[in-house]
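Worksheet for the structure shown next.
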Number of protein chains: 4
Amino acid sequence: MARNKDEKKRAAILQTSKTLFSQKGFYNTSISDIVDETGLPVGTIYTYFTNKEEIVRVIIEEGWSNLELRLEEAFRNAGSNEEKLKILVDEFLPELLGDLDLITILLAEAVSYTKIEEKIDKLAELIFSTIKPMAKSSQLFNKFSKNTMYAALMVYFLGIMNSVKLAESSSLSVSANDIMHFIRQTIENNMHITF
Amino acid sequence: MARNKDEKKRAAILQTSKTLFSQKGFYNTSISDIVDETGLPVGTIYTYFTNKEEIVRVIIEEGWSNLELRLEEAFRNAGSNEEKLKILVDEFLPELLGDLDLITILLAEAVSYTKIEEKIDKLAELIFSTIKPMAKSSQLFNKFSKNTMYAALMVYFLGIMNSVKLAESSSLSVSANDIMHFIRQTIENNMHITF
Amino acid sequence: MARNKDEKKRAAILQTSKTLFSQKGFYNTSISDIVDETGLPVGTIYTYFTNKEEIVRVIIEEGWSNLELRLEEAFRNAGSNEEKLKILVDEFLPELLGDLDLITILLAEAVSYTKIEEKIDKLAELIFSTIKPMAKSSQLFNKFSKNTMYAALMVYFLGIMNSVKLAESSSLSVSANDIMHFIRQTIENNMHITF
Amino acid sequence: MARNKDEKKRAAILQTSKTLFSQKGFYNTSISDIVDETGLPVGTIYTYFTNKEEIVRVIIEEGWSNLELRLEEAFRNAGSNEEKLKILVDEFLPELLGDLDLITILLAEAVSYTKIEEKIDKLAELIFSTIKPMAKSSQLFNKFSKNTMYAALMVYFLGIMNSVKLAESSSLSVSANDIMHFIRQTIENNMHITF
DNA sequence: AATGAATGAGTCTTCATTCAT
DNA sequence: TATGAATGAAGACTCATTCAT
């Protein structure tokens, strides 16, 4: 009961902060803004989080591990690697790209407040182990060393996030759909998979 | 009569700020920091720049237009489109990637303080017009619509910048070399160009 | 739970600021001065007032409305218009003139920070409605149009305040007493009232 | 020749400053504003005036002594005291009230930067010596002591200036004409003079 | 002599965090 | 336990005046 109420407050702080951090940036969002938006007293913010940094950290960590969990769950249920790749593109990516606030915060603050390299390494490893067996049939990827593969994954992953964010926040002539389309075609062409 | 504005001071402010903004971020760099690092008095900072924002803006604008000028110059001297593409990869990219401070600031602040979409659109247009004629011989690119091409360019461009930055600032197992290698191979495979 | 805003602190800030603004002027009084004089920390000033301007504004508004309230209260208890006029001269004016700091701030800052014309209009209306019935017996006032009456009230009101202020702050050979004497005699002569 | 040019610059500085001080106030007008408005270099301002304060001081002193000179000149040419009084009301006052910028600066800054009491004392003396002989025929004034007379002059003088200024700068329902009308009627009634 | 860049003490204000109640 | 007033170091920026050129 009390627990339930607590969870709601914690969630409210996180949700509000996430929106604000994404919209105004971490430094332009004051604890006071969070207080105003949530309607909670300042003191309460500090009973749930030790400081402002911890709020971003938790937003990033929970947001990321949530994505990761879903991906792992989906992968577990997938039969073939082809299926995994499809899930990656058709479920994981759309879900990630649907959470623009998370992407914005990830790109802007993850380096400062979390060990982003560990997250990316882990994700890259997961994808790599999925793609590798399929790469033999790829004109492109079977030439790639592991390091090059990792580089490729990073470029695609960070490039997609950054592009989608920019596409949404500015008047660029490119949309998230165009980006997804490009990714699907790239995979189709290189991995002989049809979406 | 009376002193003239000192180009050296202006340059020192820009150079110092660029390093500091890149290392500590825009918000964590105070005018005081710039004062300490340059050795100039506060007032002098403000005779060269109207405020802190203008400093970032100039760093980005001048950094970018410098890059752009060199690219245009190189393109002008290039004979074929193949040559242009090589220049893009062998000169423009290394130069961009060599200026990690600029990349960091570009990724972190360009959206807030400059019209980044205009810059990217212009660059994309330039590259697009170079690649398009070559795309016919590409298995991949000749299937792409213009929008997909743009999306691809954005993903690669932002992805490269972000990856190199992350590679340098964290303990990632991927290096700038790996990234460049991936790019060259991707072009080789898709454009039938040999580096 | 948690402390409540302390009325004493608010009053101390107002009182100190009033004295300082009056003595040194609004622009020559720094928040630092107020801090030094009250002994309160800067931050505390800003928990009670949003900025320096608000402090003057409140000094003026509260000072004026205090005066107004007392006048209205006194008028309510007055039987005749003659009595009202006496109260105006014997209670309201001395009270106003006794608060030289308020007068000084009123004259210097009220135009910039408050709607002084509304205050004066309201006061003029109040006095006008008191004087009008008595004006018939006045050689002077019964010739006056309403606009001229208003002009007269303004000239006397502002003239009195300005004169008293100047009399006190400089080595003028005129005192507040002389000014009050002049006012009483003027009313006696024109309204056939004896003080 | 050179002298002529110098005079123009000096006058330009004074004229521009007068307008700015009146519009924005002394503290809200920066030397930089004066530089921008006159188009003169900062250094030049300081070859004509030793500092900002001297500019106000000169504006007030010259403005005032100009008024005084004209009044004395007019008085010298006047035959009777009645004529002098008419000149005071029909020439001096309109001229003073026509220079609202001067009035504004006079009211706001004269106490701080000049010996306003000397100016007023001198003017009062001049008017007093004119009015005194006429006062015998006045119901009102022949009862007044010298001090009361002085008080009256101050109240009227400061009251007129302050009222006109307020009338012009705010949405008060009183105009400069109403004020002049009141003054003329007051004199007519008390001094038996017809305008 | 004319100029305008140089100067830095001083301005107002903010804000994450604490802790008295 | 919940609260929100209290805090003060630190922030960005200003501006009258000087003085090197």
Side-chain angles (χ1 to χ4, degrees), chain A residues 2 5-6 9 26-36 39-55, chain B residues 1-10 26-36 39-55, chain C residues 1-10 13 26-35 39-55, chain D residues 2 5-6 9 26-36 39-55:
Chain A
K5 193 184 163 199
D6 288 356
K9 282 185 190 170
F26 179 70
Y27 285 101
N28 286 321
T29 302
S30 65
I31 293 290
S32 185
D33 291 336
I34 298 169
V35 162
D36 291 346
L40 294 169
V42 215
T44 299
I45 307 286
Y46 283 85
T47 69
Y48 288 92
F49 301 92
T50 60
N51 54 34
K52 199 180 159 192
E53 284 192 21
E54 209 208 3
I55 302 179
Chain B
M1 309 137 188
R3 275 163 276 185
N4 285 325
K5 276 194 186 161
D6 188 342
E7 190 48 46
K8 277 180 189 167
K9 283 184 189 165
R10 200 188 105 104
F26 179 70
Y27 285 103
N28 283 321
T29 302
S30 68
I31 292 291
S32 247
D33 291 336
I34 298 169
V35 161
D36 291 347
L40 294 168
V42 216
T44 297
I45 307 288
Y46 284 90
T47 80
Y48 289 89
F49 300 93
T50 58
N51 53 35
K52 201 182 155 191
E53 283 192 22
E54 209 209 2
I55 302 180
Chain C
M1 309 137 191
R3 275 165 275 184
N4 285 326
K5 276 193 186 160
D6 187 344
E7 191 48 45
K8 278 181 189 165
K9 282 184 190 167
R10 201 189 105 104
I13 295 166
F26 179 70
Y27 286 103
N28 283 321
T29 302
S30 67
I31 293 289
S32 247
D33 291 337
I34 298 169
V35 162
L40 294 170
V42 215
T44 298
I45 308 287
Y46 284 89
T47 82
Y48 289 88
F49 300 93
T50 59
N51 54 36
K52 201 181 155 189
E53 283 193 21
E54 209 209 1
I55 302 178
Chain D
K5 193 184 164 199
D6 288 355
K9 282 184 189 169
F26 179 70
Y27 285 101
N28 284 322
T29 302
S30 65
I31 293 289
S32 186
D33 290 336
I34 298 169
V35 162
D36 290 348
L40 294 169
V42 214
T44 299
I45 308 285
Y46 283 87
T47 70
Y48 288 92
F49 300 91
T50 60
N51 54 34
K52 199 181 158 191
E53 284 192 21
E54 210 209 2
I55 302 180

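First the proteins, then the strands, lettered A, B, ... as listed; each starts at 1. Both backbone and side-chain heavy atoms feed into the values below; hydrogens, waters and symmetry mates do not.
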Rounding to 0.5 Å, atoms CD1 (C/Ile55) and OG1 (C/Thr50) come to a distance of 9.0 Å

Closest of E/dA16, F/dT21, F/dT7 to the B/Arg3 side chain is F/dT21

Separation of F/dC15 atom P from D/Ile34 atom CD1, nearest Å, is 12 Å

On DNA chain F, more 5' by nearest nucleotide between B/Ser32 and B/Gly43 is B/Ser32

Whole-Å distance, B/Lys8 NZ to E/dA5 P, equals 18 Å

Checking N1-N3 plus N6-O4 or O6-N4 for Watson-Crick, or N1-O2 and O6-N3 for wobble, each under 3.5 Å, the partner of E/dA16 is F/dT7

note: B/Phe49, atom CZ; F/dA12, atom P; distance rounded to Å ~ 15 Å

F/dA6 phosphate, OP1 or OP2: any side-chain N/O from C/Lys5 under 4.0 angstrom?
-> no

Taken to the nearest whole Å, CG/C/Asp33 to P/E/dT13 is 14 Å

C/Glu54 atom CD is separated from E/dT14 atom P, nearest whole Å, by 12 Å

One should read off an interatomic distance between B/Lys5 NZ and B/Glu7 CD, to the nearest 0.5 angstrom, of 10.5 Å

Within the 3.5 Å criterion, strictly below it, is a donor on A/Tyr48 or A/Asp6 matched to an acceptor on the partner's side chain? yes

Does E/dA2 have its OP1 or OP2 closer than 4.0 Å to a side-chain nitrogen or oxygen of D/Lys9?
no

Of B/Leu40 and D/Leu40, the one whose nearest nucleotide on DNA chain E sits closer to the 5' end is D/Leu40

Margin query: What contact category does B/Thr44 fall into here, base, sugar-phosphate, or nothing, at under 4.0 angstrom with non-hydrogen atoms?
Written below: base

Of the candidates F/dC15, E/dG8, F/dA20, the side chain of B/Val42 sits closest to E/dG8

Item checked: Sugar-phosphate only, base, or nothing, as touched by C/Thr29 at under 4.0 Å among non-hydrogen atoms -> sugar-phosphate

Is the shortest side-chain N/O distance from C/Tyr46 to OP1 or OP2 of F/dA5 below 4.0 Å?
-> no

In whole angstroms, the gap separating C1' of F/dA6 from CZ of C/Arg10 amounts to 18 Å

For F/dA2, the nucleotide meeting Watson-Crick or G-U wobble distances (both under 3.5 Å) is E/dT21

Taken to the nearest 0.5 Å, the spacing of D/Asp36 CG from D/Ile31 CD1 works out to 11.5 Å

Taken to the nearest whole Å, CD/C/Glu53 to C1'/E/dT11 is 14 Å

Note: for D/Thr50 and B/Tyr27 on DNA chain F, the residue whose nearest nucleotide lies more 5' is B/Tyr27

To the nearest angstrom, the CD1-C1' distance between D/Ile55 and F/dT17 comes to 12 Å

| Which part of the nucleic acid does B/Tyr48 contact within heavy-atom distance under 4.0 Å: base, sugar-phosphate only, or nothing? | sugar-phosphate

Heavy atoms of C/Leu40 and C/Val35 approach each other most closely as O-CG1, 3.2 Å

When C/Phe26 and A/Phe26 are each assigned the nearest nucleotide of DNA chain E, the 5'-most assignment goes to C/Phe26

Checking all strands, does C/Thr47 fall into the base, sugar-phosphate, or nothing category for heavy-atom contacts under 4.0 angstrom?
base

With the side chain defined as heavy atoms from C-beta on, D/Ile31 is closest, among F/dA6, E/dA16, F/dT17, to F/dT17

Taken to the nearest 0.5 Å, the spacing of A/Thr44 OG1 from A/Ile34 CD1 works out to 13.0 Å

Applying the 3.5 Å cut-off to both distances, the Watson-Crick or G-U partner of E/dA1 turns out to be none

